[in-house]
**Student:** 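Before anything else, here's the structure in question.
Just so it is clear, the values below take in all heavy atoms, side chains as well, and ignore hydrogens, waters and symmetry mates.
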Amino acid sequence: MALFSHFHVGCSMSEVCFFVSLMLLAIVGEFSLSLAAQVSTCEANGSIYYVGEWYFLDSDHCTQCECTTEGPACSRTECTALPPACMHVSHYPTDCCPRCEKIGCEYRGEVYELGEQFQPSECEQCTCDTDGIARCLVADCAPPPCVNPVYEKGECCPRCKDGPNCYSDASQSRVIPGGQYVWVDSCTKCRCHDGQDVGYWEGNRLAKCEKTKNCNPDEDRENS
């Protein structure tokens, strides 16, 4: 009986067996509770799924779940943004995210069909190429041969409605026509370009002036 020497004096064999039985029942009970806490199937969408299976919820096609031993583990799919040049969007009932069914070219916030030619401004001529990229030709306007050009609606480059001209002097107070000499006072004559003088207009908005020698405009006004 040395095996049971640690029990209190007077403990019978039947008491020892009863105590051991209680210990075994406690261990088995804890093991059973542990097994009960783990699930082997998940129920969703009116169906049974086994551990390790994936499924989407019928009530939300963007939510995907995995059946685990601890129950369903779910996460929601985030839809990516559609391309800005998408021209036709479809959203099927069985899909989580919308689909782009037709794409074109996006240019400055506007969408154009493939192969379409368009003019976003008076100076641009564009084509929506088949690769979805808008390619444009931009007009290069020559400097207008006048100091008061006007822009007509629907036209790219400005026009000189009064013909070529320039300023008579740096004060820019007087505009003279181009192509002929103009007497700006009794002693000074100026000639503006006529629109054909290559290189003269760029950076030079003033007339070329010649002053008569030994001439005094003030004396001329006094004599008159």
**Student:** Would you sort out whether Glu155 and Glu122 count as a side-chain contact (heavy atoms from CB on, under 4.5 Å), showing the intermediate values?
**Tutor:** CA-CA 5 Å; Glu155 295 185 4; Glu122 288 81 358; 5.6 Å; no
**Student:** Side chain of Thr68, backbone of Gly71: donor and acceptor closer than 3.5 Å?
**Tutor:** yes
**Student:** Take Cys146 and Cys166 through the test disulfide (SG to SG under 2.5 Å) and record every step on the way to the result.
**Tutor:** CA-CA 6 Å; Cys146 61; Cys166 63; over 6 Å; no
**Student:** Should Tyr49 and Leu57 be counted in the same cluster of Ile, Leu, Val, Met, Phe, Trp and Tyr side chains packed under 4.5 Å apart?
**Tutor:** yes
**Student:** Tell me, with the steps shown, if Cys97 and Cys62 meet disulfide (SG to SG under 2.5 Å).
**Tutor:** CA-CA 8 Å; Cys97 301; Cys62 288; 5.0 Å; no
**Student:** Is there side-chain contact between Leu206 and Asp169, with heavy atoms separated by less than 4.5 Å?
**Tutor:** no
**Student:** Taking less than 2.5 Å as the test, are the sulfur gamma atoms of Cys141 and Cys156 close enough?
**Tutor:** no
**Student:** A side-chain contact here means heavy atoms from C-beta on lying under 4.5 Å apart; do Pro149 and Arg159 qualify?
**Tutor:** no
**Student:** Taking the side chain as everything from C-beta on, heavy atoms only, tell me whether Cys100 gets closer than 4.5 Å to Pro83.
**Tutor:** yes
**Student:** Looking only at atom types and distance, does a side-chain atom of His61 sit under 3.5 Å from a main-chain N or O of Pro93, one as donor and one as acceptor?
**Tutor:** yes
**Student:** Calculate, to the nearest 0.5 Å, the distance between atoms CG and CZ belonging to Leu82 and Arg99 respectively.
**Tutor:** 12.0 Å
**Student:** Hey, is Lys161 close enough to Glu152 for a salt bridge, meaning N to O under 4.0 Å?
**Tutor:** yes
**Student:** So, taking the atom named CD in Gln64 and the one named OG1 in Thr77, what distance separates them when rounded to the nearest 0.5 Å?
**Tutor:** 6.0 Å
**Student:** Which atom names give the shortest non-hydrogen contact between Glu66 and Gly52, and what distance separates them?
**Tutor:** OE2-CA, 4.2 Å
**Student:** How long is the straight-line distance from CG of Asp185 back to CG of Asn216, given to the nearest 0.5 Å?
**Tutor:** 10.0 Å
**Student:** Arg174 vs Val184, test: side-chain contact (heavy atoms from CB on, under 4.5 Å). Steps then yes/no.
**Tutor:** CA-CA 9 Å; Arg174 181 178 178 182; Val184 295; 3.6 Å; yes
**Student:** Taking SG to SG, are Cys157 and Cys123 separated by less than 2.5 Å?
**Tutor:** no
**Student:** Show the nearest heavy-atom pair for residues His88 and Cys86, with the distance to one decimal.
**Tutor:** O-SG, 3.5 Å
**Student:** Would you say that Thr188 contacts Trp183 through its side chain, given a criterion of any heavy-atom pair below 4.5 Å between the two side chains?
**Tutor:** no
**Student:** Hey, what do you get for OH (Tyr107) to CZ (Arg135), rounding to the nearest 0.5 Å?
**Tutor:** 12.5 Å
**Student:** Does the side chain of Pro120 come within less than 4.5 Å of Cys126's, by heavy atoms?
**Tutor:** yes
**Student:** Looking at Asn45 and Phe56, would you say the former's side chain and the latter's main chain have a donor-acceptor pair under 3.5 Å?
**Tutor:** yes
**Student:** Output, in order, the C-alpha distance, side-chain angles, deciding distance and verdict of disulfide (SG to SG under 2.5 Å) for Cys96 and Cys79.
**Tutor:** CA-CA 8 Å; Cys96 167; Cys79 297; 3.9 Å; no
**Student:** Determine, stepwise, if the pair Lys189 / Lys208 fulfils side-chain contact (heavy atoms from CB on, under 4.5 Å).
**Tutor:** CA-CA 9 Å; Lys189 64 177 182 178; Lys208 293 180 178 179; over 6 Å; no
**Student:** Nearest 0.5 Å please: distance from the CD atom of Gln117 over to the CD atom of Gln125.
**Tutor:** 6.0 Å
**Student:** Taking C-beta and beyond as the side chain, do Arg191 and Ile176 meet within less than 4.5 Å on heavy atoms?
**Tutor:** no
**Student:** Check whether more than 12 heavy atoms from other residues, nucleotides or ligands sit under 6.0 Å from atom CD of Glu113, and answer yes or no.
**Tutor:** no
**Student:** Carefully, step by step, assess Phe118 and Glu110 under the rule side-chain contact (heavy atoms from CB on, under 4.5 Å).
**Tutor:** CA-CA 11 Å; Phe118 56 96; Glu110 299 291 333; over 6 Å; no
**Student:** State the CG-CG distance between Asp131 and Asp129, to the nearest 0.5 angstrom.
**Tutor:** 5.5 Å
**Student:** If two hydrophobic side chains count as joined below 4.5 Å and joins carry through other members, does Leu114 share a cluster with Val111?
**Tutor:** no
**Student:** Within the 4.5 Å heavy-atom criterion, are Tyr55 and Cys42 side-chain neighbours or not?
**Tutor:** yes
**Student:** Looking only at atom types and distance, does a side-chain atom of Glu43 sit under 3.5 Å from a main-chain N or O of Gly46, one as donor and one as acceptor?
**Tutor:** no
**Student:** So do Ser168 and Val182 actually touch side chain to side chain, heavy atoms under 4.5 Å?
**Tutor:** no
